[in-house]
Chemist: 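One structure is given below, represented as structure tokens, and several questions about it will come after.
In the text below, chain A, chain B and the rest are named by the order of the sequence lines, each starting its count at 1.
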2 protein chains.
Amino acid sequence: MILDAAARLATVEGLEGLSIARLADKAGFSKSGLFAHFGSKEELQLATIEAAWEVYGREIIEPALRENDPVARLRGLAEGFLTLIGGDVFPGGCFFASATAEFDTRPGPVLDRLTVLDDEWMRNLSEQVSAARAEGLFRETVDPEQAAFDINAFLHLANERYTLHHDATDLDRARRSINAYLSAAATT
Amino acid sequence: MILDAAARLATVEGLEGLSIARLADKAGFSKSGLFAHFGSKEELQLATIEAAWEVYGREIIEPALRENDPVARLRGLAEGFLTLIGGDVFPGGCFFASATAEFDTRPGPVLDRLTVLDDEWMRNLSEQVSAARAEGLFRETVDPEQAAFDINAFLHLANERYTLHHDATDLDRARRSINAYLSAAATT
DNA sequence: GCGGAAAGCGACCGGTCGTGCTATGTATTG
DNA sequence: CAATACATAGCACGACCGGTCGCTTTCCGC
């Protein structure tokens, strides 16, 4: 519960800007009481990352991977992301986009973990493209990593712009672009 | 000169995380001496934004807009962005991507200015698409704002990933995607 | 050569940060 | 019932933050 609040707060104030005092206040603890659970701020950040990743796994990845064909899984990942962003779970937009933007020039265990999880997200996307190609649903000319890059690009910019303007138009733009992209990649 | 250093530093430490003391140290001034030039930290941030925007105008926008046909201008904007990102002017990646990610949940004059400049950047892109359509270079089915969104998405993700991994592959991915996109939009 | 404005400096303020150390309650266990 | 483990709170610390103040230096118009 503490970590869920931490993840939510981190999208607004940043993972580093999230102060232990404010988080403790939000969770109804004293500063030192909360601090005792984690040995350091970095441990708190790492635990917050895991909590956020669990949300993504539960809300996006697992439901999407339960679909039958790879194209549906791909659509599930994208739609799950856009739905999560459009909801109010993370008031400051995608947790990992915020955190990565903040830590991309701050080497250390936090950035390492964020990098691993971003790679895993990209791998999830590209694997579905590979599978779609293997099943003959996508053209052979479609490069899985390039396709993962493109789809992720639409999702990321939608997140940025929606966080900024809270206008669902930007989410729909990503939906339209991804639809067009998948249609162009399809064999039929 | 101070503001150029500020813009460079801000991409690494963040526009808010950039402390007056560290900037003064970097620029060879005393803290109070530097502070006297700006009435507040916010004024410093706003001045830094203007300095960074001038770099973008000089290095990307103006050269690109000197091209003859709109498609070349579009390519110029994209290539100018990727070249600037790939250079070492902004060690922490695109200044505006960093700053916007940091301030997107922090209302105030800084966010207002960032929003205006982002709109202007998007307008630059979409206007070239409109012009290309008007000159018969792009299909009538191409939506200028949607196209600007898509191209900007490729550029933004390339920036994120290049800042993270310093691997030129990500810049090339954006180049490839934009090339494919422009080819698909062309009438020929 | 001189006077005043401007620029730059160091010291300092109140506040917040992360982080230790210590005490107090509160269960659990023998 | 006593003793031990654990969760939480209180408090103080050093570091750093943005910001202020008064002093010194520098420079320019006369």
Chemist: So that I can tick it off, tell me whether B:Asp167 and B:Arg161 are bridged by a salt bridge, with the cut-off set at under 4.0 angstrom between side-chain N and carboxylate O.
Modeler: no
Chemist: Which letters describe nucleotides 12-18 of chain C, given B = protein heavy atom under 4.0 Å from base, S = only from sugar-phosphate, - = neither?
Modeler: -----SB
Chemist: Under a 4.0 Å threshold between the charged nitrogen and the carboxylate oxygen, would A:Glu67 count as salt-bridged to A:Arg75?
Modeler: no
Chemist: Taking B:Leu74 as the starting point, is it possible to reach B:Leu65 by hopping between hydrophobic residues whose side chains are less than 4.5 Å apart?
Modeler: yes
Chemist: Tell me: CG of B:Asp25 to P of C:dC9, nearest whole Å?
Modeler: 11 Å
Chemist: What are the atom names and distances for every N/O pair under 3.5 Å that joins the protein to nucleotides 4-7 of chain D?
Modeler:
none

Chemist: Look at the rings of A:Phe96 and A:Trp53 and say which category their plane angle falls in: under 30° parallel, 30 to 60° tilted, over 60° perpendicular.
Modeler: perpendicular
Chemist: Output yes when A:Arg22 and A:Asp25 qualify as a salt bridge under the 4.0 Å nitrogen-oxygen rule, no when they do not.
Modeler: no
Chemist: Quiz question: by atom type and distance under 3.5 Å, do the side chains of A:Ser177 and B:Asp150 form a donor-acceptor pair?
Modeler: yes
Chemist: Could you give the CZ-to-C1' distance, from B:Phe38 to C:dA7, as a whole number of Å?
Modeler: 13 Å
Chemist: If we ignore angles and hydrogens, is there a donor and acceptor under 3.5 Å between the side chains of B:Ser98 and B:Glu102?
Modeler: no
Chemist: Confirm from the modelled atom types if B:Ser32 and C:dG8 form a donor-acceptor pair under 3.5 Å, side chain to base only.
Modeler: no
Chemist: To the nearest 0.5 Å, tell me how far A:Leu82 CG sits from A:Ile178 CD1.
Modeler: 5.5 Å
